[in-house]
Amino acid sequence: MTEIIRKILAEALGAMGIPVPERMEVEVPRDEALGDLSTPIAMSLSKLLRKQPQKIAEEIIANIRERGDFEKIEVAGPGFINFTFKKEALYRSLSGMLREGENHITAKDIGKGRKILLEFVSANPTGPLHLGHGRGAALGAALANLLSAAGFRVTKEYYINDAGRQMALLGESVFAKYQELFGISRSLPEDGYRGAYVEDIAKKIAENVADRYRGLEYVHPQSDFFSEYACKQMLDLIKSDLEAFGVTFDTWQSEKELYDKHEVEQAIEYLRGRGFIYEHEGATWFKATEFGDEKDRVIIKNDGKYTYFASDIAYHKKKVDGGYDELIDIWGADHHGYIPRVKAALESLGYDKEKLKVLLVQMVSLLRGGKPVQMSKRAGEFITLRDVMEEVGADTTKFMFLTRKADSHLDFDLEVAKAASAENPVYYVQYAYARINSILRHAAEKSLSISTPEAPDGSVSADVDLSPLEEPEEQRLIKKILLYPGVFEAAVYAREPHRITFYLQELAGLFHPYYNKHRIVTEDGRLTLARLALSMAARRVLKDGLHVLGVAAPERM
RNA sequence: GCGCCUGUAGCUCAGUUGGAUAGAGCAACUGCCUUCUAAGCAGUGGGUCAGGGGUUCGAAUCCCUUCAGGCGCACCA
C-alpha cells in the first residue's frame, strides 16, 4: 500500500516540476479516522518551496491522476495529506497477495543479488556460548533471513579465533586436568579456564589416549595436541549449542588458517609496500592514524608474536577479496573501540571503508528474580546459552532478543522469561498462527477451504469474493496485512529485524479480537469463504515473519 | 580525563530516521469458555519522554550542557 502512495506522489510531484525526494515518508496516521495512510511531504517541502504546507498539499492533491483507488484524499492538520482507500481497492490488493503467494513479499527484490558477508557470534572456542553470544546469534540469523528474503545473497560466517595465547591457555588448562585424572597435581595457568567443560575434555582425552601424556611437561608436541583437541571439542560444543538454538552458518573461517596460508604475512607485506607499516621499539606498527584512528596499532609485538589485529587485517582483506558487495560484522558492544582500526585497515588496503557495517549488540545482564546472576568465567561459574534454552526455551529466548533493537542494553530475567511463559509475546504470536491453522482444519472438515499457492489442496480458487468483509475488525486486519511489505522493506533498509517482531505482535493483536468477536466459519458460504481468505492471508504473513525471526510457527499449540 | 551506547508508564521495551492527542506487553483491578484453540477477548487506572537550554511551522527524535547507568580507551583476546 505504501508503494501505491509513493508512486502517485512521485507522479504528482513530477507533474508539478518538483524534484522527487529520495525518501518519501508514508506513515499510518495516529487516528484511523484520519485515513489509512498519510504523508507529511508537503510540510517537508514547505521550506524549499517557500510556501505554506497546506497550499502545497492541495496542489499535490490536485496533481494526483490516478485516484480511482481512493475514497478520499484530503489535507489535514498542519499539512498532512491523508489517503483513505476504497474497500474495493483493499480487496483487490488482498486478492493479489493471495494469488501471488510468497512472491508477494519478496517480489521487489531489494537486494538484486548483491552479495553480503555476514559475520556473527565468532565466540572464542575457549568455553561454551553465553547469553550475549545468543543475542548476537539471534540477531545475525534473523538478519540473514531478512536479507536473503529481500534478494541479497547472504553468506553467514563464523570466525574462529583458534590461534594464539587463548588456545594455548585452554590446552594447558585441559592438560592440567588430564594430569589430575592420574593423580598428578598440576596448577592451572594463571589465566587458565576452570569450567566443568575443561574437565570433560580432559576425560575424553584420557578415554582416547589413556595415559600416553601422563606426567609430561606442557611442551611441544603434546601442547599442540591438547590445544588442538580442546579447540575442536569446544567448536563441536558451540556448533551443537547453535544448532539447538536454530542458528546455522555457511562458512567457518579459521584464524589459524590465515597464518598457515601466510595470508597474514602477505597482507602485512602488502601494507608495508604501501608505506603504512613501520618498526618502532622492537615492534611492528600499522599507521592507523593516517585513516582516522586515535593511535597507531601494534601488529607484531616485540616478542615476535602477532596481535589479534594482525589477523583481523588479513581476515577483512580476505572478506573483501571474496567479492562481497557489503560486509556486516556483528560485535559485542565491548568491542566498539575496535571499529576505527578495522575500518582504517580496510581503507589502507585500498577498499571503501563504507563497505563494512558493524552492528553492535549491547550487553545482556542476566537476572533471576530481579537480582543479577553472578558469573565468573575464571571460577567457571556461569549460565550458558544452553542453560537458558533449557530453562526458558529457544523460541522465547530468541523472541526476547528480537523484540529489542540491538544497541540497547538488555535485562534478561530468567524468572520473568519463564514465569511469563504462558503470556509471553512469542506465544501470543505463535498462538495466532496455530489458531488460524485450527480454523482452517475445522473448515476443511466441512469441505470448505480455499486454494492458494501454499495450500493447493483446497477446493476453491483464491479468487474469492472479499466484499462480505465489512466489519471494522476486518478492515483493520486487511490494512495491517497489506502493510507488511512496507514494514519488511523498512526492516531491510534499517537492518533491524526487531521491526518484524513488533509488527507480528500488532498483527496477532488484531487477529485475536477479530476471532473472538466474529466467527470465521458460519452458515453463510460467501462470508465464510471471504473470512477464510482473510485468515489465510494473515496466516501467510505470520508464517513469513516468524520464519524471518527464526522462530517456530506451530500448526497447533 | 577522552570516546561510544543507553535513560520513555511500577517493570521490560517500541516509537516507521523531525510529524497530528507518546504506544505495546507484563504487573494491578473488573468481567467473558455449551459455539472454529481461554497460550485468547472486553474494560479500568497508569507519563515532567532523566533535568536545563537551543535549532523550526513542529522535537522523545537533531545540537549544546548537566546528571545517572553500561562499555571501551593494550606490545590482551
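As the structure is a computational prediction, the values presented were derived from the model and not from experiment.
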Below 4.0 angstrom from OP1 or OP2 of [N], is there any side-chain N or O of [X]?
X        : N      : result
A:Ser408 : B:rA14 : yes
A:Lys517 : B:rG40 : no
A:Tyr308 : B:rC75 : no
A:Tyr427 : B:rA39 : no
A:Arg30  : B:rG15 : no

Closest to side chain of [X], choosing from [options]:
X        : options                : result
A:Phe80  : B:rG19, B:rA38, B:rC36 : B:rG19
A:Arg297 : B:rG25, B:rC75, B:rA74 : B:rA74
A:Lys295 : B:rG19, B:rC73, B:rA77 : B:rC73
A:Trp285 : B:rC75, B:rG25, B:rG19 : B:rC75
A:Asp407 : B:rA39, B:rU6, B:rA38  : B:rU6
A:Glu25  : B:rG25, B:rG40, B:rU17 : B:rU17
A:Asp334 : B:rA14, B:rA74, B:rC71 : B:rC71
A:Asp31  : B:rU21, B:rG25, B:rU16 : B:rU21
A:Glu496 : B:rG40, B:rG15, B:rA42 : B:rG15

Whole-angstrom distance between [N] and [M], as gauged at atom [atom1]:
N      : M      : atom1 : answer
B:rG10 : B:rG46 : P     : 11 Å
B:rA22 : B:rA59 : P     : 12 Å
B:rA50 : B:rA68 : P     : 16 Å
B:rU66 : B:rC26 : C1'   : 33 Å
B:rC49 : B:rU61 : P     : 10 Å
B:rG1  : B:rG19 : C1'   : 40 Å
B:rA24 : B:rG45 : P     : 13 Å
B:rG70 : B:rG52 : P     : 24 Å

Tabulated below should be each protein N or O lying under 3.5 Å from an N or O of nucleotides 31-34 of chain B; please produce it.
none

Cationic N near anionic O, under 4.0 Å, [X] to [Y]:
X        : Y        : answer
A:Glu391 : A:Arg368 : yes
A:Lys418 : A:Asp413 : no
A:Arg476 : A:Glu32  : yes
A:Arg165 : A:Glu172 : no
A:Glu58  : A:Lys55  : no
A:Asp544 : A:Arg540 : no

Show the distances under 3.5 angstrom between N or O atoms of the protein and N or O atoms of nucleotides 67-70 of chain B.
from: B:rG69; atom 1: N2; to: A:His409; atom 2: NE2; distance (Å): 2.9

Does the A:Asp296 side chain pair with the main chain of A:Thr289, one donor and one acceptor, at a distance under 3.5 Å?
->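 Yes, the answer is positive, given that a donor and an acceptor are paired below the 3.5 Å cut-off.
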Near-parallel close stack of A:His335 and B:rA77 base (under 5.5 Å, under 30°) =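 So yes, this residue stacks on that base, both cut-offs being met.
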Does the side-chain ring of A:Tyr428 lie flat on the base of B:rA39, meaning centres under 5.5 Å and planes less than 30 degrees apart?
-> no
Let's test this: given Watson-Crick or G-U wobble pairing with both distances under 3.5 Å, identify the partner of [N].
N      : answer
B:rC73 : B:rG1
B:rG10 : B:rC26
B:rC57 : B:rG19

Ignoring hydrogens and angles, are the base of B:rA77 and the side chain of A:Asp312 linked by a donor-acceptor pair under 3.5 Å?
->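 Flag unset: no donor-acceptor pair detected.
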Start with the C-alpha distance between A:Met1 and A:Leu483, add both sets of side-chain angles, then the distance that settles side chain to side chain contact (heavy atoms under 4.5 Å, CB included), and finish with yes or no.
-> CA-CA 6 Å; A:Met1 292 211 295; A:Leu483 234 35; 4.0 Å; yes
Candidate list A:Leu131, A:Leu367, A:Val388, test side chain to side chain contact (heavy atoms under 4.5 Å, CB included), partner A:Leu414, passing option = A:Val388
Please work out if A:Ser38 contacts a base, only the sugar-phosphate, or nothing of the nucleic acid, heavy-atom cut-off 4.0 Å.
->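 Since a base atom lies under 4.0 Å of A:Ser38, the category is base.
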Would you mind classifying the nucleic acid contact of A:Gln505 as base, sugar-phosphate or nothing, using non-hydrogen atoms under 4.0 angstrom?
->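 Since no nucleic acid heavy atom lies under 4.0 Å of A:Gln505, the category is nothing.
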Does the gap between the ring centers of A:Phe276 and A:Phe286 come in under 6.0 Å?
->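 Not close enough - the centres of the two rings lie 6.0 Å or further apart.
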Measure up the A:Phe309 and A:Tyr338 rings against each other and bin them: parallel (under 30°), tilted (30 to 60°), perpendicular (over 60°).
->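 A:Phe309 vs A:Tyr338 ring planes: perpendicular.
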Pair A:Gln166-A:Tyr193, side-chain hydrogen bond (donor to acceptor under 3.5 Å, both in side chains): steps then yes or no = CA-CA 10 Å; A:Gln166 298 307 315; A:Tyr193 296 94; 2.5 Å; yes
